[in-house]
Amino acid sequence: KLETKTDDQNSVTEAVTPIDISREAGEWRFDIVLNTHSVELGQDMARISVLADDQGKEYRPLRWEGAEPGGHHREGMLIFKQIMPAPKYLELKISGIGDVDRSFVWRI
């Protein structure tokens with residue numbers, strides 16, 4: 001199990017937890033929690049997110065399952081197709097929330 005990574009910038013806290021990125025999983029899931037008191041969370045999470053591997057290849061999410069755009073608290077899952085062969089590390093990039101580009105990295 002990989003740890004939760006947190007980024008707190010420009011009045012927005014993002015917490016990202018890989019839920020299942022095993023070889024047996026056909027889809028890789030990342031739990032995303034967004035909290036703020038001053039920024040509108042109206043972004044399309046699938047459109048502003050990308051997963052990168054250790055070879056520099058980037059992958060777009062298959063879908064977002066969670067809270068609709070809007071408000072100050074959102075939670076949901078970003079779901080990607082499994083990357084094969086398994087990379088040495090993953091980087092989840094989320095752009096434009098609170099005018100900040102954020103990066104979350106895990107070694108596998």
Side-chain angles (χ1 to χ4, degrees):
K1 178 160 169 101
L2 299 175
E3 72 274 10
T4 298
K5 303 279 184 162
T6 303
D7 184 293
D8 189 1
Q9 296 182 68
N10 276 12
S11 301
V12 179
T13 301
E14 290 185 38
V16 180
T17 308
I19 299 301
D20 189 359
I21 59 167
S22 68
R23 292 180 191 256
E24 295 77 31
E27 296 178 337
W28 287 1
R29 298 174 174 270
F30 294 82
D31 183 58
I32 313 292
V33 179
L34 307 168
N35 284 299
T36 183
H37 293 289
S38 59
V39 176
E40 183 67 21
L41 300 174
Q43 297 80 8
D44 179 339
M45 293 302 293
R47 189 172 297 254
I48 65 169
S49 303
V50 65
L51 189 62
D53 65 15
D54 57 332
Q55 302 297 310
K57 294 180 186 171
E58 293 188 340
Y59 307 87
R60 290 275 171 208
L62 297 172
R63 64 190 175 279
W64 164 259
E65 292 180 355
E68 295 296 320
H72 295 273
H73 307 284
R74 290 180 72 190
E75 184 170 3
M77 292 276 180
L78 275 173
I79 301 165
F80 295 84
K81 185 177 181 198
Q82 177 188 44
I83 299 172
M84 291 300 286
K88 293 180 176 113
Y89 73 85
L90 293 171
E91 178 182 12
L92 179 60
K93 302 174 191 178
I94 301 175
S95 304
I97 297 178
D99 295 322
V100 175
D101 293 340
R102 300 163 202 260
S103 171
F104 306 90
V105 177
W106 296 269
R107 294 214 175 276
I108 300 178

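Relative orientation of the F80 and F30 rings is perpendicular, given thresholds of 30° and 60° on the angle between their planes.
Using a cutoff of 4.0 Å between basic side-chain nitrogens and carboxylate oxygens, E91 and K5 are not scored as salt-bridged.
Listed here is the closest heavy atom pair of G98 and V12: CA-CG2, 4.3 Å. Here the shortest heavy-atom pairing between P87 and W28 reads CD-CH2, 3.9 Å. Considering all non-hydrogen atoms of both residues, S38 and S11 come closest at OG-CB, 3.3 Å. In this structure, T6 and A15 approach most closely via the heavy-atom pair OG1-CB, 4.1 Å.
In this structure, E3 and W106 have side chains that are in contact, with non-hydrogen atoms separated by less than 4.5 Å. Within the 4.5 Å cutoff, the side chain of L92 has heavy atoms near those of the I32 side chain. Side-chain contact between D53 and Y59 is present, with heavy atoms from C-beta onward closer than 4.5 Å. When side chains are defined from C-beta on, L51 counts as touching I83, because their heavy atoms get closer than 4.5 Å.
One distance of note links CD1 of I97 with CE of M45; it measures 4.0 Å at 0.5 Å rounding. A distance of 9.5 Å separates CG in D101 from NZ in K93, rounded to the nearest 0.5 Å. Taken to the nearest 0.5 Å, the OG1 atom of T13 stands 10.5 Å off from the NE2 atom of H73. Once rounded to the nearest 0.5 Å, the distance linking CG of L34 with CD of Q43 reads 8.0 Å.
Checked against L90 for a side-chain contact (heavy atoms from CB on, under 4.5 Å), the options I108, V105, D54 give a single hit: I108.
In the displayed structure, R47 atom CZ is contacted under 6.0 Å by at most 12 heavy atoms of other residues, nucleotides or ligands. When the shell of 6.0 Å around CD of E68 is examined, it contains 12 or fewer heavy atoms from other residues, nucleotides or ligands.
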